[in-house]
2 protein chains.
Amino acid sequence: MIKRTKGVTISQVADAAGVARSSVSRAFTRPDMLSPETVTRIMKAAEALGYVPNHTARALSTGRHGNVGLIVPDIANPFFPPLIQAAQLEADRSDFCIFLGNTEENPKQEDKLVGRFAGQVEGLVLASSRLSDERIRAHAGQLPLVLINRDIDGIPRVLIDSGSGVRQAVEHLAKLGHRRIVYVSGPSNSWSNKQRRTAIKAAASGLGIVVETVPAVLASYNSGRNAVSAILATGATAAVAFDDLTAQGVLAGLSEKRVSVPSDFSLIGCDDVLGAVTYPALTSVSNRSTEAGRVAVSLLLDMLQSRAIRDVRYVLETHLVVRNTTTAAR
Amino acid sequence: MIKRTKGVTISQVADAAGVARSSVSRAFTRPDMLSPETVTRIMKAAEALGYVPNHTARALSTGRHGNVGLIVPDIANPFFPPLIQAAQLEADRSDFCIFLGNTEENPKQEDKLVGRFAGQVEGLVLASSRLSDERIRAHAGQLPLVLINRDIDGIPRVLIDSGSGVRQAVEHLAKLGHRRIVYVSGPSNSWSNKQRRTAIKAAASGLGIVVETVPAVLASYNSGRNAVSAILATGATAAVAFDDLTAQGVLAGLSEKRVSVPSDFSLIGCDDVLGAVTYPALTSVSNRSTEAGRVAVSLLLDMLQSRAIRDVRYVLETHLVVRNTTTAAR
DNA sequence: GAGTTCCATGCAACCGGTTGCATGTCAAGT
DNA sequence: ACTTGACATGCAACCGGTTGCATGGAACTC
């Protein structure tokens, strides 16, 4: 049967090597302070005993535990896994571990997670936070914070500017002759949603296009599907959805209602997370989630290093990826 | 500008409340040992100072830090997010936090992550581990471990028995008149892959069906797509793919080669992660990933509670979900 | 009213490291 | 030969809690 080995401590290593505990500590953290022979002797003893430094103890005395937290609203949304993956990779490069939190789009849960993480992490990345500005500011007062897709003065943030891509989407639709389009909006407390809606309205009004907004409440397949009746009721000939998931739901809803895409109706998604794998392949606005994850963590680690908070605002541009769900208006 | 608040310690609270440090500690951990008045006095003082117990210090003296690790091979594979989400929810119920690790299907990375996590977590869940049995056994000697989709004697494990569903899939194809089918296999070090291949062969031989195996190497869209030539070369009329992602790739590859599904070729996936959203909707073997995540964490927390390792083998049955990618053989 | 119990609280050691300062040694400087 | 300094190492306090044991007073017993 399997039995557990108990921890070897620094004292045991010190005894075995015939030195003081402090020397063992230094052998691991600042070997340059010791003579090379002492270091090797200590290392040999440590190896023989199977010594592994105790992370917790080290964290207690240094105040640094080498963890950062990452909180996302919905891990199952394909926008996030690449972001998480990139964040983890970047953290790894500096020997940091990632605590992952999933809030299920619920600000209460988010607050709770932040509280639980604080004290175990040196800093936090909040991706697409659903918290109010005040709560975020409050948290930022407790520990280093970097935001993704949330634009608050004084707090370092990485923004995926879907505005640029959305503008191209509207221009694309205009060129195809669409004069009346729908924006299928996402979560009301989402910064990206606000940004996209604003960008669409601005672009449309410049091109003489009418935009109606149909709410989808959540960013999900089902809310997209449920929004279809309302979308068709507007008399529009094309729609831009808050994200690809919503668009996919709209696609399904349209197909159920025998409205074929793109011949009867044009559809554009956002985030380009499944563009190539829907049928027809979805025209979408590119995302930069991988970069966002990487940059956010790298920014955070910088802050931890320098102990300074710079007011960084890192913007990532996007563009339209045209596939098969858009065509000329009838 | 934002400034950080420094930590309030137990001593400050003790001074403010006019008691010993130990009393403050007990007020938070074992209030029944103190008189109610003392507890309220301490709590009031703590509140006033904004005291929050230091997680690290507590962990050091108790040896319990309330974290468990979860390691998966690929976050971006849609099989895992629901599992992760469920694991997190379950951990949350007991006030545990989840450390997430992503190995990118790389055993080296997995080993490294386990090492880095050990010492910060009380236990570990390895989902679809790509490590060798020996490595897993070695890790299990260091800390409590629960496996998902990996069957090793003596180590608690949660198994999604796709065998039952795969058997149904083969029977389904047999009933439709297919006599020659392909199994598009997944990662060679995947337990699920082995299980599925075995189940298919067993079921097929009982029904007088010929099975050819075509390797897809990784569980991904692209490997599925690349496998299509080899699949068609076998002359089979139907295929079962290692997972839905692979199936989706196969679907795309077939469509590029003008082989239409299901009229020319029948296809079945596994894990049912995107069945309803492909076109045509994919027939697939159901998954139980949410339950697997939940059960694994709950098992792990049990182990931590009781300090005992029981040889648990928790099996979750699956079944075939018929949609639109299968039809009678020509 | 003295002896016994019980309860609330304090004392101090401990968890396993880190680190400022003191000490001792040896070589270089004059 | 004596001072000076650099360097390697040890000592002990500290990080912020937890916990076994001791203590003192109140309540209870006879």
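All values below come from the heavy atoms of this structure, side chains included, with hydrogens, waters and symmetry mates left out. Convention: sequence-line order gives letters A, B, ...; per-chain numbering from 1.
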Regarding [X] and [Y], does a basic nitrogen lie under 4.0 Å from an acidic carboxylate oxygen?
X: A/D311; Y: A/R157; answer: yes
X: B/E90; Y: B/R93; answer: yes
X: A/E291; Y: A/R288; answer: yes
X: A/R313; Y: A/D153; answer: no

Can you tell me the distance, in whole Å, between the [atom1] atom of [X] and the [atom2] atom of [N]?
X: B/Q12; N: D/dC15; atom1: CD; atom2: C1'; answer: 13 Å
X: B/I42; N: D/dG17; atom1: CD1; atom2: P; answer: 13 Å
X: A/R58; N: D/dC15; atom1: CZ; atom2: P; answer: 19 Å
X: B/I10; N: D/dT18; atom1: CD1; atom2: C1'; answer: 8 Å
X: B/N54; N: D/dC14; atom1: CG; atom2: C1'; answer: 14 Å
X: B/F28; N: D/dG16; atom1: CZ; atom2: P; answer: 15 Å

- Excluding sequence neighbours, so at least two apart, what forms side chain to side chain contact (heavy atoms under 4.5 Å, CB included) with B/D15?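 Result, side chain to side chain contact (heavy atoms under 4.5 Å, CB included) vs B/D15: none returned.
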- For A/I84, all residues meeting side chain to side chain contact (heavy atoms under 4.5 Å, CB included), sequence neighbours excluded: A/L70, A/V72, A/I75, A/F80, A/L100, B/I75, B/L100
- Message: My understanding is that only one of A/H139, A/R116, A/R130 makes a side-chain hydrogen bond (donor to acceptor under 3.5 Å, both in side chains) with A/D111; could you say which?
- Response: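 Of the listed options, the one satisfying the test is A/H139.
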- Looking at every strand, decide which applies to A/Y51 at a 4.0 Å heavy-atom threshold: base, sugar-phosphate, or nothing. sugar-phosphate
- Query: Looking for any heavy atom pair under 4.0 Å, which part of the strands does B/T29 touch: base, sugar-phosphate only, or nothing?
  - Reply: sugar-phosphate
- Message: Under 4.0 Å from OP1 or OP2 of D/dT18: is there any side-chain N or O of B/S61 that close?
- Response: no
- Note on the structure: For B/F117, the ring pair (Phe, Tyr, Trp, His ring centres under 6.0 Å) test, sequence neighbours excluded, returns B/F99
- Query: If you check every side-chain atom of B/T9, which of C/dG16, D/dG17, D/dT18 has the closest atom?
  - Reply: D/dG17
Can you list, pair by pair, the side-chain donor-acceptor contacts under 3.5 Å of residues 32-49 of chain A, counting residues two or more places apart and other chains?
from  : atom 1 : to    : atom 2 : distance (Å)
A/S35 : OG     : A/T38 : N      : 3.3
A/S35 : OG     : A/T38 : OG1    : 2.6
A/T40 : OG1    : A/P36 : O      : 3.3
A/T40 : OG1    : A/E37 : O      : 2.8
A/R41 : NH1    : A/A17 : O      : 2.6

- Task: Would you mind reading off the bend of the helix from C/dG1-D/dC30 to C/dT30-D/dA1 from its two end axes, five pairs each, to 10 degrees?
- Result: 40°
Protein-nucleic acid N or O pairs under 3.5 Å, nucleotides 9-11 of chain C:
from   : atom 1 : to    : atom 2 : distance (Å)
C/dT9  : OP1    : B/S35 : OG     : 3.3
C/dT9  : OP1    : B/T38 : OG1    : 2.3
C/dT9  : OP2    : B/S35 : N      : 2.8
C/dT9  : OP2    : B/S35 : OG     : 3.4
C/dT9  : OP2    : B/T38 : OG1    : 3.0
C/dG10 : OP2    : B/A20 : N      : 3.0
C/dG10 : OP2    : B/S23 : OG     : 2.5
C/dG10 : N7     : B/R26 : NH2    : 3.0
C/dG10 : O6     : B/R26 : NH2    : 2.8
C/dC11 : N4     : B/S22 : OG     : 3.2

- Residue whose nearest DNA chain C nucleotide is more 5′ - A/L60 or A/R30: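 The residue whose closest nucleotide sits nearer the 5' end is A/L60.
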